[in-house]
Amino acid sequence: MLKKIILTPLLIILILVGYVGANAFSIWYYGSQDYAKKADVIIVLGASVAYRRVSPVYRERINHGIDLLNKGYASKLVLTGGKIAGQQYSDASVARAYAISKGVSASSILIEEKSRETSENLKYAKALMDEYGYKTAIIVSDPLHMKRAMLMAKDEGIDGYSSPTPTSMYKSAKSRRTFLEKEVFNYIGYKFYRIYKRIV
């Protein structure tokens with residue numbers, strides 16, 4: 001009886017550790033693969049700005065989006081991100097100015113300026129796609145963000161292909177570990193949220 005009492009919590013702990021570990025590996029592996037293929041648009045997920053300058057993380061995401069655009073993967077770049085409190089310009093408008101400074105024509109850029117988080121980036125990007133009749137999208141973000149982002153894109157009805165930036169600013173082992181820990185928590189949390197939504 002005592003053995004059962006001891007083994008049951010231990011078994012639960014081992015299952016939980018295994019589950020978290022499996023998700024961590026899945027997130028890491030998925031982000032190491034590039035599934036880009038020809039699509040109607042390239043959606044670049046937002047990552048904040050400072051006044052009229054894109055953050056280093058957002059800059060590298062935009063640069064990858066521009067590279068895909070220049071290689072002919074799509075004809076439109078969708079830049080995402082709204083304003084936070086006290087910010088004069090939306091993330092997307094600053095990103096648009098940056099992309100134009102890098103040689104992208106204004107006519108090749110669409111922006112959504114309502115979102116404040118990943119799920120909203122995708123929700124409002126999908127609304128733009130619907131408005132213009134676009135069906136497929138390449139989704140661009142940092143490697144460790146891609147697994148959750150693609151699940152959210154699927155939930156928004158986007159027929160999407162993952163293409164992580166190869167120049168992520170999360171370069172050190174410490175920053176990557178911190179990012180992965182955060183993503184494991186957010187990814188598992190989002191999966192349970194999806195189950196909850198189906199039930200209610």
Side-chain angles (χ1 to χ4, degrees), residues 27 30-31 39-66 68-69 74 76-99 108-165 168-170 179-180 182-200:
I27 289 166
Y30 190 87
D40 296 323
V41 301
I42 299 159
I43 299 173
V44 181
L45 300 182
S48 80
V49 302
Y51 187 55
R52 300 191 73 172
R53 180 175 295 179
V54 291
S55 68
V57 171
Y58 200 7
R59 180 192 67 217
E60 295 311 307
R61 294 180 186 182
I62 300 165
N63 285 344
H64 185 49
I66 292 171
L68 291 169
L69 188 75
K76 294 287 182 181
L77 195 62
V78 179
L79 302 172
T80 64
K83 291 181 186 178
I84 60 171
Q87 188 170 291
Q88 188 175 353
Y89 303 97
S90 71
D91 292 1
S93 66
V94 176
R96 181 179 183 274
Y98 175 81
S108 297
I109 301 171
L110 297 173
I111 64 172
E112 71 77 19
E113 301 179 275
K114 298 178 183 178
S115 64
R116 294 191 177 187
E117 58 187 20
T118 302
S119 61
E120 291 183 348
N121 287 165
L122 293 160
K123 174 183 176 181
Y124 296 122
K126 178 61 165 64
L128 272 178
M129 289 175 66
D130 290 345
E131 181 181 342
Y132 288 92
Y134 297 129
K135 303 298 182 185
T136 57
I138 297 171
I139 313 293
V140 171
S141 190
D142 283 86
L144 295 176
H145 189 215
M146 292 308 312
K147 183 83 171 176
R148 179 165 60 98
M150 293 306 295
L151 185 57
M152 289 179 167
K154 179 182 177 182
D155 289 346
E156 291 299 334
I158 297 173
D159 183 2
Y161 317 116
S162 169
S163 186
T165 173
S168 172
M169 291 305 293
Y170 296 95
F179 196 168
L180 179 58
K182 179 183 174 184
E183 273 305 309
V184 169
F185 177 80
N186 288 336
Y187 179 63
I188 292 174
Y190 184 70
K191 288 204 293 184
F192 278 102
Y193 171 70
R194 293 173 85 229
I195 294 169
Y196 170 76
K197 276 180 69 178
R198 286 174 190 163
I199 294 171
V200 298

Residue that, paired with D155, satisfies side chain to side chain donor-acceptor pair (under 3.5 Å) out of K197, K126, R194
R194

Test item: [X] side-chain N/O and [Y] main-chain N/O as donor-acceptor pair under 3.5 Å:
| X | Y | answer |
| --- | --- | --- |
| S55 | S48 | yes |
| N121 | G46 | yes |
| D159 | T136 | no |
| S141 | M146 | no |

Min side-chain heavy-atom separation [X]-[Y] under 4.5 Å:
| X | Y | answer |
| --- | --- | --- |
| I158 | Y134 | no |
| V49 | Y58 | yes |
| V57 | Y170 | yes |
| Y187 | Y190 | no |
| L122 | L45 | yes |

Walk me through whether R61 and H145 qualify under side chain to side chain contact (heavy atoms under 4.5 Å, CB included).
CA-CA 11 Å; R61 294 180 186 182; H145 189 215; 4.0 Å; yes

Check this for me, if you would: do E183 and R148 make a salt bridge, where the nitrogen-to-carboxylate-oxygen distance has to be below 4.0 angstrom?
yes

Provide the closest heavy-atom pair for [X] versus [Y] in the form atom of the first, atom of the second, distance.
| X | Y | answer |
| --- | --- | --- |
| A99 | L77 | CB-CD2, 4.3 Å |
| L69 | S108 | CD2-CB, 4.3 Å |
| A95 | V54 | CA-CG1, 3.8 Å |
| D142 | P164 | C-CB, 4.4 Å |
| V140 | H64 | CG1-CD2, 3.8 Å |
| I42 | G65 | CD1-O, 3.7 Å |

If a pair satisfies salt bridge (charged side-chain N to carboxylate O under 4.0 Å, His left out) and one of its residues is in residues 110-123, list it, with sequence neighbours excluded.
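Matches after skipping sequence neighbours: none remain.
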
Hydrogens and angles aside, do N63 and Y98 bring a side-chain donor and acceptor to less than 3.5 Å of each other?
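Distance-only check passes for N63 and Y98.
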
Derivation of the side chain to side chain contact (heavy atoms under 4.5 Å, CB included) call for Y132 and K76
CA-CA 11 Å; Y132 288 92; K76 294 287 182 181; over 6 Å; no

Other residues, nucleotides and ligands only: do more than 12 of their heavy atoms fall within 6.0 Å of NZ on K135?
no

Considering residues, nucleotides and ligands other than R53, do more than 12 of their heavy atoms fall under 6.0 Å from its CZ?
no

Partners meeting salt bridge (Lys or Arg N to Asp or Glu O under 4.0 Å) with R59 (sequence neighbours left out):
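Testing R59 for salt bridge (Lys or Arg N to Asp or Glu O under 4.0 Å), a comparison that skips the adjacent residues, returns none.
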
Candidate list L79, I138, I139, test side-chain contact (heavy atoms from CB on, under 4.5 Å), partner V44, passing option
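So the option named by the test is L79.
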
